[in-house]
Number of protein chains: 2
Amino acid sequence: MEQKVTFRQVKQEVLARIRANIWAPGTLLPGEIDLAAEFGCARATVSRAMRELTDEGIIERRRKAGTRVKMAPVRQVKFEIPLLRVEIESTGAAYRYALVSREVVDAPDWLRARLALPQGARVLHLECMHYADNAPFQFEDRWINLSAVPEAEAADFTTDNPNEWLVRAVPFSDAAVRFSATAATEALGRFLSVSPNSPLFTVDRTTWISGQAVTNARLYHTTGYEMVALY
Amino acid sequence: MEQKVTFRQVKQEVLARIRANIWAPGTLLPGEIDLAAEFGCARATVSRAMRELTDEGIIERRRKAGTRVKMAPVRQVKFEIPLLRVEIESTGAAYRYALVSREVVDAPDWLRARLALPQGARVLHLECMHYADNAPFQFEDRWINLSAVPEAEAADFTTDNPNEWLVRAVPFSDAAVRFSATAATEALGRFLSVSPNSPLFTVDRTTWISGQAVTNARLYHTTGYEMVALY
DNA sequence: CAGTGGTCTAGACCACCGG
DNA sequence: CGGTGGTCTAGACCACTGT
């Protein structure tokens, strides 16, 4: 008796044919039934293989039209963003956190625009430093919408960092992320031990829970920081 | 007769319970058979829902141990990276490309280290500019391994940009990407119309085909560029 | 309208690994 | 060892959409 054909084998074989240009970009592939017959497996097995290739942006499928190799491969890059503490400790360094400032204010205009807050909305503004082995690692400029998370006003952010607190309070929210390069201001330079105008890798993250804005964070990394991904 | 229960419904319901803290982080969830019974569907349907939640980093599954809500949610960010031409034209701007320099050289040490090339390996070094409506958009510093892609030496890169040429020549390769912020050198500043030391959002991409290094590209974006993702 | 992918089912066997 | 997830099968019906 032969081994069962797995969806991984099917996927790999299809990928190999695409890479070898047997199925060039734009080519119409055989239907699932034909492939199942060729590979000697059930249609569901082919289906799973093709679905994963679709998710990875390799092929395009449309009912009735069939399956084609994508012309312009839209490459997808997937980053994993662990908790900062985990990221730092995984390098062998000790993680340390410090609260720089804390105040409750009316949301400034730019924040109200970004979080879709009404006029006069009260927000908690936190500035924090994160260290790896006592070397500055990241400066955090955090705003929390107090009408979405009123408990935040009473929380003690001198020991817990805002992100970890929020993960506990509002787990599994939706978010949008923007990466950019910004120049260090004089103040940022002092916190991060870099000279003014140094390039800083910056992450801007906005978080929502069921349509309501929860928080916005600007995370400034020290010069030299890189974000790595495989794809 | 009732509607069939779909894997999306199952997934959504499980997610809802997690969000509502009915199943808090660390909680052991019921097994697939129990869930299938509760939702009134086949085990395969539950399985698919749970597999997707696993892929999204929401839950953790281990044979015999069962399924748990993740303690520290490892958030995943997925970027779609279209062809530069497509990215620029989708903003309504006109895309223009220009080759700045082209030379065939022995790979410098840092490149040999990164691409795992033997001593004396010949590479094609290209410098290119990409414009959006004639405004500088990106400076590309590209190295192509000629032993992996010998046809590149004869290719005409004055009209085709290297990335589009490579996509045609070597489709669907593996790659690693690194994002960082770097300071503009004087030369880079001239090309990108920014002052020296301006922060530049930089993408460093290395590409492999079946274990062999194909190309390395450093892509310097003008100041102000942002990379956006939802997750 | 007909052909393609998308999904569900019920059952089966297997692989892994915790107790 | 035995319970859990992981996968395959064969069949069925459905949803979308090109012709």
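Throughout, protein chains are lettered first and strands after them, A, B, ... in sequence-line order, and every chain is numbered starting at 1. Bear in mind that the values here come from a model prediction, so they are computed numbers and not experimental data.
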Distance check needed: [N] [atom2] versus [X] [atom1], whole Å only.
X     : N      : atom1 : atom2 : result
B:R61 : C:dG18 : CZ    : P     : 15 Å
A:I33 : D:dT9  : CD1   : P     : 15 Å
A:R68 : C:dG5  : CZ    : C1'   : 14 Å
B:I59 : D:dG5  : CD1   : P     : 9 Å
A:D34 : C:dG3  : CG    : P     : 13 Å
A:L28 : D:dG18 : CG    : P     : 13 Å
A:K11 : D:dT7  : NZ    : P     : 11 Å
B:Q9  : C:dT7  : CD    : C1'   : 12 Å

Original post:
Has the side chain of A:R43 got a donor or acceptor that lies under 3.5 Å from a partner of the other kind on the base of C:dG6?
Top reply: yes
**OP:** May I ask you to check whether over 12 heavy atoms, not counting those of B:R62, lie within 6.0 Å of atom CZ?
**Re:** no
Using the side-chain heavy atoms of [X], tell me which of these nucleotides is nearest: [options].
X     : options              : answer
B:T45 : C:dC8, D:dA10, D:dT7 : C:dC8
A:T6  : C:dT9, D:dC8, C:dT7  : D:dC8
B:K4  : D:dT9, D:dC8, C:dT9  : C:dT9
A:R63 : D:dT7, C:dG18, C:dG3 : C:dG3
B:T67 : D:dG5, C:dG5, C:dT9  : D:dG5
B:A44 : C:dA2, C:dT9, D:dT9  : C:dT9

Original post:
Using a cut-off of less than 4.0 Å, is there contact between a side-chain N or O of B:R48 and OP1 or OP2 of D:dT7?
Top reply: no
**OP:** Report yes if a side-chain nitrogen or oxygen of B:R62 is closer than 4.0 Å to either non-bridging phosphate oxygen (OP1 or OP2) of C:dG18; otherwise report no.
**Re:**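 Yes, because at least one side-chain N or O of B:R62 sits under 4.0 Å from OP1 or OP2 of C:dG18.
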Do [X] and [Y] sit within salt-bridge range, that is, some charged N less than 4.0 Å from a carboxylate O?
X     : Y      : result
A:E13 : A:R17  : yes
B:E52 : B:R48  : yes
A:R19 : B:D174 : yes

Original post:
5'-most contact on DNA chain C: A:G66 or A:S47, nearest heavy atom basis?
Top reply: A:G66
Original post:
Using 30° and 60° as the class limits, which term best fits the ring planes of B:F139 and B:Y220: parallel, tilted or perpendicular?
Top reply: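 Aromatic pair B:F139/B:Y220 classed tilted.
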**OP:** Let me know, please, whether A:K64 or B:K64 comes out on the 5' side of the other along DNA chain D by nearest nucleotide.
**Re:** B:K64
